[in-house]
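Report on one structure; see the data block that follows.
For this chain, numbers begin at 1 and follow the sequence in order.
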Amino acid sequence: MIAYIKYYFENFISRKSNFIYFLILMGAVFAVIILLIEMSFGLLEEGSLFNLWWNRLLQLLEIKNSEASSVKQIVNLLYWVFSVAFSGTIIAFLAAKISSFINDLKKGLSSVIDTNHYVIIGWNSSIFKVFQEIKIANENQSKPTILCFNGMDNIKMNTKINFEYPNQKGLRIITRSGDIYSPQDLARTNISKSKSVIILDDTILSNFNVETTILASKINLKNHTIPLIVQMENDYNIPLLTEIMVNQVYPIHKNKIISNVTSQSIRNKHISAVVMDFLDYDGDEIYFLPVNGLQGKTFKQAMLMLSNVTLIGIKTQTDNVMLNPDKEYIILENDLLVAVAEDDDTTLQLSNSPNVNEMLNALEVSRDSFTDKNKLSIFILGWSKLGQQITNKTVPFLSKDSEIHFAYRDNLIHAVPNIPTQYNINVKSTVLTNDQNAEIQQILTKQSFDVILIVGYDDFLSQEVSDTNSLLFNSYVRSILDKQKNDKPIRIIIQLNDGTKEELIPKNKYNELIVSDTLSSLMISQLAENPKLWLVFEELFSVKGLKINVSSILNYSKNNKITKLKVTDLILLTLEKNQTFIGYVLHDKLYLNPPKSKEILMDNSLELVYIG
């Protein structure tokens with residue numbers, strides 16, 4: 001019954017013309033209630049019930065002379081109606097002006113006066129990860145200000161941010177709306193006095209052209225030291241942009257990062273952990289540190305002398321970054337150390353061990369850096385241009401007896417997988433049909449794989465549909481593996497476009513890594529703090545650059561009598577092969593940037609992590 005009354009009441013009151021009747025009705029009801037209350041306490045004066053009720057109603061409406069004649073009361077009622085109408089008009093006018101003023105403020109059209117702030121131009125799902133990483137990076141400093149500027153309605157933008165990223169303690173996030181192609185609109189962000197400018201691959205505009213936004217930003221950037229960290233979908237204009245804005249534009253090609261990190265992670269699961277450690281702010285990161293006390297020393301001497309950081313390279317005065325450099329390189333006063341450290345304000349601790357030179361003199365460093373190739377059996381489910389990029393960067397590190405099995409729908413790809421015959425890798429391909437579930441199950445039942453890589457059909461499907469398809473494949477593959485009794489663990493690497501969907505993947509023994517736009521957002525955050533790190537990441541993540549590797553201790557030491565090793569011993573072992581030590585793995589646990597004095601019990605499970 002109550003539900004029916006509520007339903008008809010809502011329909012009645014929703015009509016504007018009925019609202020005045022509702023007010024009159026409520027006034028009459030309240031007058032009756034007051035009359036009944038006075039009656040229960042014996043406070044009623046003499047008179048007819050109607051007159052008593054009428055007097056209470058007039059008092060509610062604050063109409064005086066309730067004892068006057070009927071005609072006078074009607075005149076007073078008219079005075080009240082006109083007075084309320086006049087006052088209401090003034091109040092409505094003022095309220096409309098105030099409301100318009102507040103709405104204009106909410107539209108985010110005013111100029112920003114903040115300085116040394118982060119400006120994020122554009123919008124996509126990776127923005128929330130950028131928030132988090134900037135927050136962590138500035139934990140020991142004053143609260144940073146982040147300005148979000150894009151074409152979204154400002155109220156809607158604030159609602160999205162508050163819903164998706166509610167814990168804003170330690171950050172000050174402000175928003176503005178406008179045309180991200182317009183120099184005039186971008187000027188409202190006070191971009192010329194910002195700390196860093198981040199341009200995201202915008203999803204608000206259809207066919208977003210990042211180059212136009214870069215050029216519009218350039219007009220407002222009179223200070224050429226303010227870095228532009230640009231997230232790009234395509235890389236064909238990167239050389240031109242870096243030439244136009246030398247040492248100012250730092251492009252991040254999303255697929256390039258994903259393909260490089262994935263290809264390195266396929267070879268060893270600990271490599272992905274090292275990469276993530278370098279990119280996020282939760283563990284040890286890469287920093288440029290002063291050479292305090294190390295000028296005049298060789299690179300290999302410094303590697304052993306530094307107690308609390310791990311030296312991996314040198315940045316020269318001319319901004320040339322050398323990772324795993326010539327070990328005889330003499331460190332200059334104006335050089336900076338490229339080191340893995342806990343924080344950028346780490347004070348260098350130097351070891352005064354007199355044995356450093358003695359150990360190095362007894363060491364013969366190879367002229368070439370050696371990298372062991374891996375024997376792996378890989379199953380790649382799904383296909384795209386990104387899948388081809390991942391494969392191209394993986395096969396050079398696989399031994400000749402490795403195998404890759406492709407399975408894909410041929411109506412959802414532009415080109416079939418291709419591996420050059422020079423690598424002599426065993427290749428199988430299965431074209432999936434409408435009975436793909438049975439075909440996938442047959443592949444996984446007949447053959448055992450080391451790694452399963454799930455790639456989205458990004459070339460044909462929308463990102464949303466492609467991600468959903470990959471998530472379904474992941475669940476199906478796991479259900480098949482759960483029914484099998486595998487002697488060795490099988491690693492699943494899944495590629496997603498939207499990193500926020502990671503929460504849809506339950507934690508389990510198979511899923512090791514989810515590669516997505518999260519990787520580019522992590523790199524964006526690193527470069528927003530220190531843009532010159534781009535030179536390091538370019539070297540680590542380029543096709544022809546150096547790579548992070550993991551190799552068994554058995555490939556270094558043949559001395560079975562050794563029971564204990566120090567970290568300095570591990571550094572010497574990698575130096576002998578012209579590699580740069582960054583950590584080790586023991587009993588399947590990664591230790592990055594370990595103290596040089598730490599002792600390790602010799603174990604066949606020990607693996608060395610190095611750049612080479």
Side-chain angles (χ1 to χ4, degrees), residues 107-109 119-130 147-154 156-157 160-161 164 175-189 191 197-221 228-245 249-259 383-389 412-415 455-470 495-501 516-521 523-524:
K107 287 178 182 177
L109 300 177
V119 178
I120 302 179
I121 302 170
W123 179 278
N124 62 41
S125 61
S126 63
I127 195 170
F128 305 110
K129 190 64 179 177
V130 175
L147 168 63
C148 302
F149 180 81
N150 54 69
M152 192 187 304
D153 176 77
N154 203 57
K156 183 180 178 181
M157 193 192 327
K160 269 183 171 287
I161 291 172
E164 297 284 351
T175 59
R176 293 293 185 272
S177 292
D179 182 359
I180 60 177
Y181 293 155
S182 167
Q184 292 76 23
D185 279 10
L186 287 169
R188 291 192 282 111
T189 66
I191 192 174
V197 179
I198 298 168
I199 303 178
L200 298 179
D201 184 26
D202 188 66
T203 56
I204 306 299
L205 291 175
S206 59
N207 301 318
F208 170 61
N209 187 282
V210 68
E211 290 85 354
T212 305
T213 301
I214 294 172
L215 295 175
S217 301
K218 183 177 183 292
I219 293 174
N220 289 287
L221 288 174
L228 268 80
I229 298 95
V230 186
Q231 187 183 50
M232 305 187 74
E233 184 72 31
N234 300 303
D235 62 350
Y236 47 81
N237 277 328
I238 287 178
L240 182 61
L241 289 169
T242 52
E243 188 70 29
I244 294 173
M245 302 176 73
V249 171
Y250 298 92
I252 297 175
H253 186 214
K254 293 192 294 183
N255 282 357
K256 177 182 177 181
I257 298 169
I258 290 173
S259 60
W383 195 244
S384 66
K385 292 177 183 176
L386 175 59
Q388 186 66 61
Q389 292 175 29
L412 295 177
I413 64 173
H414 279 300
V455 180
Y457 292 106
D458 294 342
D459 300 341
F460 267 80
L461 304 178
S462 67
Q463 291 189 359
E464 192 74 28
V465 175
S466 178
D467 282 355
T468 301
N469 190 65
S470 296
Q495 174 255 321
L496 296 174
N497 294 291
D498 184 355
T500 60
K501 294 190 178 72
S516 64
D517 59 354
T518 299
L519 291 172
S520 62
S521 62
M523 188 179 286
I524 285 169

Checklist entry - Which atoms form the tightest heavy-atom contact between I180 and G151, and what is the distance? => result CG2-N, 4.4 Å

Checklist entry - With a 4.0 Å cut-off, would you call E464 and K501 a salt bridge? => result yes

Item to check | Straight-line distance of R176 CZ to M157 CE, nearest 0.5 Å | outcome: 9.5 Å

Item to check | Check: D153 and S177 side chains under 4.5 Å, non-hydrogen atoms | outcome: no

Item to check | Minimum-distance pair of heavy atoms, taken over all atoms of G122 and I127 | outcome: O-CD1, 4.4 Å

Checklist entry - Can you find a heavy atom in the side chain of L221 that is under 4.5 Å from one in the side chain of L228? => result yes

Next on the checklist: Under a 3.5 Å distance rule, please check whether D459 uses its side chain to pair with a backbone N or O of K385 as donor and acceptor.
Outcome noted: yes

Checklist entry - Using 30° and 60° as the class limits, which term best fits the ring planes of H414 and F460: parallel, tilted or perpendicular? => result tilted

Item to check | Residue among L215, I214, N209 satisfying side-chain contact (heavy atoms from CB on, under 4.5 Å) with T212 | outcome: N209

Next on the checklist: Among N255, D467, D458, which residue satisfies the side chain to side chain donor-acceptor pair (under 3.5 Å) criterion with Q495?
Outcome noted: D458

Item to check | Any side-chain heavy-atom pair of F208 and T203 under 4.5 Å | outcome: no

Checklist outcome for this item: Given the options K256, Q231, H253, S520 meets side chain to side chain donor-acceptor pair (under 3.5 Å) only with Q231

Next on the checklist: So, taking the atom named CZ in F149 and the one named CD1 in I191, what distance separates them when rounded to the nearest 0.5 Å?
Outcome noted: 9.0 Å

Checklist entry - So which heavy atom on S470 is nearest to which on L496, and how close? => result CB-CD2, 4.2 Å

Checklist entry - At their closest point, which heavy atom of N220 faces which heavy atom of A216, and how far apart are they? => result ND2-O, 3.3 Å

Next on the checklist: Regarding N154 and T175, do their side chains bring together a donor and an acceptor under 3.5 Å, going by distance alone?
Outcome noted: yes

Checklist outcome for this item: For Y457 and S466, the nearest pair of non-hydrogen atoms, with its separation, is N-OG, 3.2 Å

Next on the checklist: Just verifying a value: how many Å separate S217 OG and M245 CE, rounded to the nearest 0.5 Å?
Outcome noted: 7.5 Å

Checklist entry - Nearest 0.5 Å, what's the CH2-CG distance between W383 and L412? => result 14.5 Å

Item to check | CD1 on I229 to OH on Y250, rounded to 0.5 Å | outcome: 8.0 Å

Item to check | S182 and D179 side chains, donor-acceptor separation under 3.5 Å | outcome: no

Item to check | CG-CG distance between D202 and N207, expressed to the nearest 0.5 angstrom | outcome: 11.5 Å

